[in-house]
Colleague: 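Shown below is the structure under consideration.
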Amino acid sequence: MKSIQVNLGHRSYPIHVKSGLMQQMDSMLSDYNHGQKWVIISQYNLMELFGFDLMNQLKEGGYNIDFITLPVGEAAKSMNEFSRVVSQMVELNCDRSSTILALGGGVVGDVAGFVASSFMRGIEYFQIPTTLLAMVDSAIGGKTGINIAEGKNLVGSIYQPKGVFVDPNILDSLPKEEVIAGLGEVIKYGAIWDQDFLNDTAKWMENLDTFPYEDAIARSCEIKAEVVSKDEHEGDLRRILNFGHTIGHALESHLGYGKIRHGEAVALGMKCAGYISQKLGLLMKKEQSTLVETINRLPLPELRHINGNHLMPYIKTDKKSEKGVLSFVVLDGLGNATTSIDVTADLIQESLKVLY
Ligand SMILES: NC(=O)c1ccc[n+]([C@@H]2O[C@H](COP(=O)([O-])OP(=O)(O)OC[C@H]3O[C@@H](n4cnc5c(N)ncnc54)[C@H](O)[C@@H]3O)[C@@H](O)[C@H]2O)c1
Ligand SMILES: [Zn+2]
């Protein structure tokens, strides 16, 4: 088993990565079981796939455990669903000592984490991510949140879990497109932090059937853990995790949620950001091609022509644009990200041509 530590003083926690870990949750959690109520927050399809087995395993181990389900899709990240889950927790006689297990992708993790951060002013929770995106990204770092009509993730908190349990075997049932979207974030880690890892990922992607998920997940988690340990509250360092995200988010908003997956949009956004980095003289042409060739190994959705003017309003309102200055994440060499305030609207527009 690979165990990676997120170092945040008394709020530090481990990320365990191991195939077959789901069958060992009883012993993995036993130190935390002191007779309190446990609640799995998940989605019904995931309860059928893994949740009921997990619940039976823990019941047999003497845990007092129940479950609550959320709907599938971004709609689950709503004030209504949040409030419904909290009410159900009360009905289940949860109290300050109760513990949540967030079993699902980023949607479940974000809502369950937010419930954990606010129920009775905060209770303990663990993340058990079931999508590749959640395993390498959303389950780590403590960002929780829900959406309101005015925008995505506008209500939330930074509230760290007590631990993250990653069982790559869980990916066997994940639709291929969701796996591909997660790989977009894996490529991101190599691009911003570790050129060797980027090269490995490119090689591994030559045949997705033999892709070593366990190794790739563990390295991605190490990188995210290192960044979050140094900068929990998104100062300059944590911001580099947003590489590819400014244009990625704009594509998601412009095309409409559900039309393109987050990781796919990020992959496309990274191609543009690579172009911008090269134009700023920070990335060599050869390095830019390596990045683009790696991303092109992902079967990404074909885009119809996008008018850059339609994307710009989203880019300007991206929350990374502070005090009117757009701080854009660029690569200063492969494996090394930084932020730049020299990225003009014209350059962003120009970069969109790499998408076709
Ligand atoms: N908190 C953070 O730091 C952070 C970071 C990135 C993204 N996010 C959030 O994550 C969300 C996206 O998460 P996601 O991409 O994991 O999508 P998701 O949670 O919607 O999951 C995608 C779909 O796959 C299904 N599914 C999940 N695991 C499965 C499995 N093993 N087998 C079969 N089906 C499975 C789910 O039921 C769902 O229908 C967004 O809301 C985004 O804002 C949060
Ligand atoms: Zn992302």
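Indexing begins at 1, ligand by ligand and atom by atom, following the structure's order.
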Colleague: Under 3.5 Å, is there a donor-acceptor pair linking the side chains of Lys77 and Asn153?
Modeller: yes

Colleague: How long is the straight-line distance from CD1 of Ile306 back to CG of Leu355, given to the nearest 0.5 Å?
Modeller: 6.5 Å

Colleague: Can you name the atoms of ligand 1, numbered from 1 with element, that are less than 4.0 Å from a heavy atom of Val72?
Modeller: 39 (O)

Colleague: Looking only at protein heavy atoms, identify the closest one to atom 33 (C) of ligand 1 and say how far it is in Å.
Modeller: Ser173 O, 3.2 Å

Colleague: Side chain, backbone, both or neither: which applies to Leu46 and ligand 1 if a contact is any heavy-atom pair less than 4.0 Å apart?
Modeller: side chain

Colleague: Which ligand 1 atoms does Asn153 reach within 4.0 Å, using its non-hydrogen atoms?
Modeller: 43 (O)

Colleague: Quick one: are the ring centres of Tyr159 and Phe114 less than 6.0 Å apart?
Modeller: no

Colleague: Going from CG on Leu352 to CG on Leu268, what distance comes out if it is rounded to the nearest 0.5 angstrom?
Modeller: 10.5 Å

Colleague: What is the closest protein heavy atom to atom 12 (C) of ligand 1, and at what distance does it sit?
Modeller: Leu133 CD2, 3.9 Å

Colleague: Pairing donors with acceptors under 3.5 angstrom, does anything connect the side chains of Gln349 and Asn309?
Modeller: yes

Colleague: Identify, for atom 25 (C) of ligand 1, the protein heavy atom at the shortest distance, and state residue, atom and that distance.
Modeller: Asn45 ND2, 4.2 Å

Colleague: Please state whether the rings of His254 and His310 are parallel, tilted or perpendicular, taking 30° and 60° as the class boundaries.
Modeller: tilted

Colleague: Which of the numbered atoms in ligand 1 are under 4.0 angstrom from any heavy atom belonging to Glu74?
Modeller: 40 (C), 41 (O)

Colleague: At what distance is the nearest protein heavy atom to atom 4 (C) of ligand 1, and which residue and atom is it?
Modeller: Ser138 CB, 3.2 Å

Colleague: Return the closest protein heavy atom for atom 10 (O) of ligand 1 as residue, atom name and distance.
Modeller: Gly106 CA, 3.2 Å

Colleague: If the cut-off is 4.0 Å to any non-hydrogen atom of Gly105, which atoms of ligand 1 fall inside it?
Modeller: 16 (O), 19 (O)

Colleague: Looking at ligand 1, does any of its N/O atoms fall within less than 3.5 Å of an N/O of Val107?
Modeller: yes

Colleague: Can the ring centres of Tyr189 and Phe243 be said to be less than 6.0 Å apart?
Modeller: no

Colleague: Excluding waters, how many protein N/O/S atoms sit closer than 2.8 Å to the Zn ion (ligand 2)?
Modeller: 3

Colleague: Can a non-hydrogen atom of His262 be found less than 4.0 Å from any atom of ligand 1?
Modeller: no

Colleague: Ignoring angles and geometry beyond distance, decide whether Thr130 reaches within less than 3.5 Å of ligand 1 through its nitrogen or oxygen atoms.
Modeller: yes

Colleague: Could you check atom 9 (C) of ligand 1 against the protein and tell me its nearest heavy-atom contact, residue, atom and distance included?
Modeller: Asp110 OD2, 3.4 Å

Colleague: To the nearest 0.5 Å, tell me how far Ile4 CD1 sits from Lys224 NZ.
Modeller: 13.0 Å

Colleague: Give yes or no for whether the N/O distance cutoff of 3.5 Å, strictly under, is met between Lys152 and ligand 1.
Modeller: yes

Colleague: For residues 276-298, pull every pair meeting side-chain hydrogen bond (donor to acceptor under 3.5 Å, both in side chains), keeping only residues two or more places apart or in separate chains.
Modeller: Lys271-Asn296

Colleague: Less than 4.0 Å between a side-chain N and a carboxylate O, is that true for Glu214 and Lys2?
Modeller: no

Colleague: Give the contacting part of Lys77 toward ligand 1: side chain, backbone, both or neither, where contact means a heavy-atom distance below 4.0 Å.
Modeller: side chain

Colleague: Which pair of heavy atoms, one from Val330 and one from Ile276, lies closest together, and at what distance?
Modeller: CG1-CG2, 4.2 Å

Colleague: So, Lys259 and Glu252, do they make that salt bridge, N to O below 4.0 Å?
Modeller: no

Colleague: Need the ligand 1 atom indices (1-based, order shown) with element for anything under 4.0 Å from a heavy-atom of Glu178.
Modeller: 22 (C)

Colleague: How far is atom 21 (O) of ligand 1 from the closest protein heavy atom, and which atom is that?
Modeller: Thr131 CG2, 3.6 Å

Colleague: So if I count the atoms of ligand 1 from 1 in the order they appear, which ones are less than 4.0 Å from some heavy atom of Leu49?
Modeller: 32 (N), 33 (C)

Colleague: Could you tell me whether Lys37 and Asp95 make a salt bridge, using a distance below 4.0 angstrom between a side-chain N and a carboxylate O?
Modeller: no

Colleague: Using the side-chain contact (heavy atoms from CB on, under 4.5 Å) rule, pick out the option among Phe50, Tyr213, Phe165 that qualifies with Ile170.
Modeller: Phe50

Colleague: Can a salt bridge be assigned to the pair Asp167 and Lys18 using a cut-off of 4.0 Å between side-chain N and carboxylate O?
Modeller: no

Colleague: Say you draw a straight line from CZ of Phe126 to OH of Tyr32; how long is it, rounded to the nearest 0.5 Å?
Modeller: 5.0 Å

Colleague: Report the nearest protein non-hydrogen atom to atom 37 (O) of ligand 1: residue, atom name, distance rounded to 0.1 Å.
Modeller: Gln43 OE1, 2.7 Å

Colleague: List every atom of ligand 1 that sits less than 4.0 Å from any heavy atom of Ile170, numbering the atoms from 1 in the order shown and giving each element.
Modeller: 31 (N)

